[in-house]
2 protein chains.
Amino acid sequence: MVVNMKKLEIPDEIEKEMRKKGGWSSIKKNLPLKEIKEVEKVMKVLSYDTRLRIIYALSEQRMCVCMLMELTGCSYSKCSYHLSKLKEAGLIKATRKGNYLIYSLTPFGRSIVRHFRKYKPEVKNE
Amino acid sequence: MVVNMKKLEIPDEIEKEMRKKGGWSSIKKNLPLKEIKEVEKVMKVLSYDTRLRIIYALSEQRMCVCMLMELTGCSYSKCSYHLSKLKEAGLIKATRKGNYLIYSLTPFGRSIVRHFRKYKPEVKNE
DNA sequence: TCATCATTTCAAATTTTTTTGAAATATTAT
DNA sequence: ATAATATTTCAAAAAAATTTGAAATGATGA
């Protein structure tokens, strides 16, 4: 087969910069693919408005689904869908209280929210 | 119209908890919607494998597109698409060097990557 | 000027994610 | 039991994001 094999032409200037770092192959090898996969999973869940509202809200106060519905403006099933995503990711958990399911952050969720909220993008422009 | 107006039934136990915090209305009012929108934007961009690889790589070394292609296993146009997303979000920038476009992190990008890499989910389970 | 190289852009095809609404569950109250 | 409430689940529809490949762009070198 061997189609598409045109090999990498790295510009000199960059080639040179990389030498100090062990060269291209070393840089390639050091990409933390596993960490990236993990980060991706959490980020995916946290990259949606409704779900962010939910965890921000839960970081203040545990709540039943009907409260989250009102807070997010979602229907039950929609809310439920997003809650399931957050739960899958280990960010929230539910406990039953009579007829209600009360959602709250897990310690993992709590640590993530704390971490992300701390971040303030002061440096936004160049 | 006034359809669907069944109003919130908050379970007593939770109602009580909330009193100390100014009650439901106060909790609702304090959801930082603007912050959430901002966070969402950045998260969306960082919630994709290829793009995470790119910024992790760029945090080590500035690179031209052909290097990123090789690193991510993407075609030019695919790479380009993801680069444009990262650029839009203000995370990376490009400078031309002859025939090459050399991409690197912006200060904003750098601060975000640093921040996110620091995070290690030790508390993952319950 | 013409060809080549590195890259972007565009529109169509594909894939992934979210929304919707109806039906299913589980718990409590009657 | 039966009905009511709070919620989930499911499958189909809709929307959003990604992939693909071909054509465009812009710099360089012959």
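Nothing here was measured: the structure is a model prediction, and the numbers come from that model. Hydrogens, waters and symmetry mates are skipped; everything else that's a heavy atom, side chains included, is used. Chain letters run A, B, ... following the sequence lines, proteins first, then strands; residues in each count from 1.
The residues B:Glu88 and B:Lys85 are annotated as not salt-bridged, no charged nitrogen and carboxylate oxygen being separated by less than 4.0 angstrom. A salt bridge links B:Arg53 and B:Asp49; the closest N-O separation between the charged side-chain nitrogens and carboxylate oxygens is under 4.0 Å. A salt bridge links B:Lys37 with B:Glu40; the closest basic N to acidic carboxylate O contact falls under 4.0 Å. The pair B:Glu13-A:Lys97 counts as a salt bridge, with a side-chain nitrogen and a carboxylate oxygen less than 4.0 angstrom apart.
In this model, the phosphate group of C:dT20 is approached by a side-chain N or O of A:Lys78 to a distance below 4.0 Å at OP1 or OP2. Between B:Arg96 and C:dT7, a side-chain N or O to OP1/OP2 separation shorter than 4.0 Å is absent. Under 4.0 angstrom from either OP1 or OP2 of C:dT19 there lies at least one side-chain N or O belonging to A:Tyr48. Here B:Tyr103 reaches the OP1 or OP2 of C:dT8: one of its side-chain N or O atoms lies under 4.0 Å away.
Atom NZ in B:Lys44 sits roughly 14 Å away from atom C1' in D:dT18 (whole-Å rounding). B:Tyr76 has its OH atom 16 Å from the C1' atom of D:dA22, to the nearest Å. Whole-Å rounding puts the A:Lys85 NZ to C:dT19 C1' distance at 13 Å. Atom pair B:Met63:CE and C:dT7:P shows a separation of 13 Å (rounding to whole Å applied). Counting to the nearest Å, the C1' atom of C:dT18 and the CG atom of A:Leu83 are 14 Å from each other. The separation between B:Ile102 atom CD1 and C:dT7 atom P is 7 Å, rounded to whole Å. To the nearest angstrom, C1' of C:dT8 lies 13 Å from CD1 of B:Ile92. Note: OH (B:Tyr100) to C1' (D:dT25) measures 17 Å, nearest angstrom.
Residues A:Ser47 and B:Ser77 both approach DNA chain C. Their nearest nucleotides, taken by heavy-atom distance, put B:Ser77 toward the 5′ side. Nearer the 5' end of DNA chain C, as judged by each residue's closest nucleotide, is the contact made by A:Glu9, out of A:Glu9 and A:Arg51.
Considering only the side chain of A:His82, C:dT19 comes nearest among D:dT7, C:dT18, C:dT19. Picking from C:dT17, D:dA6, C:dT8 the nucleotide with the shortest atom distance to the side chain of B:Leu101 gives C:dT8. When each of C:dA26, C:dT17, D:dT8 is scored by its nearest atom to the side-chain atoms of A:Tyr81, the top-ranked nucleotide is C:dT17. Counting only heavy atoms from C-beta on, A:Asn99 has its side chain closest to C:dT27 among C:dT9, C:dA6, C:dT27. The side chain of A:Cys66 lies closest to D:dT7, out of C:dT8, D:dT7, C:dT7.
The backbone N or O of A:Arg114 sits nowhere less than 3.5 Å from a side-chain atom of A:Ser59 that would complete a donor-acceptor pair.
Residue contacts shown for B:Lys97 are absent, as no nucleic acid heavy atom lies under 4.0 Å away. Among the protein residues, A:Lys87 comes within range of no part of the nucleic acid, since none of its heavy atoms lies under 4.0 Å from any strand. B:Cys64 comes within contact range of the sugar-phosphate backbone alone, with a heavy-atom separation under 4.0 Å but no base atom that close.
The aromatic rings of B:His115 and A:His115 sit perpendicular, their planes meeting at an angle over 60°, well past the 30° parallel limit.
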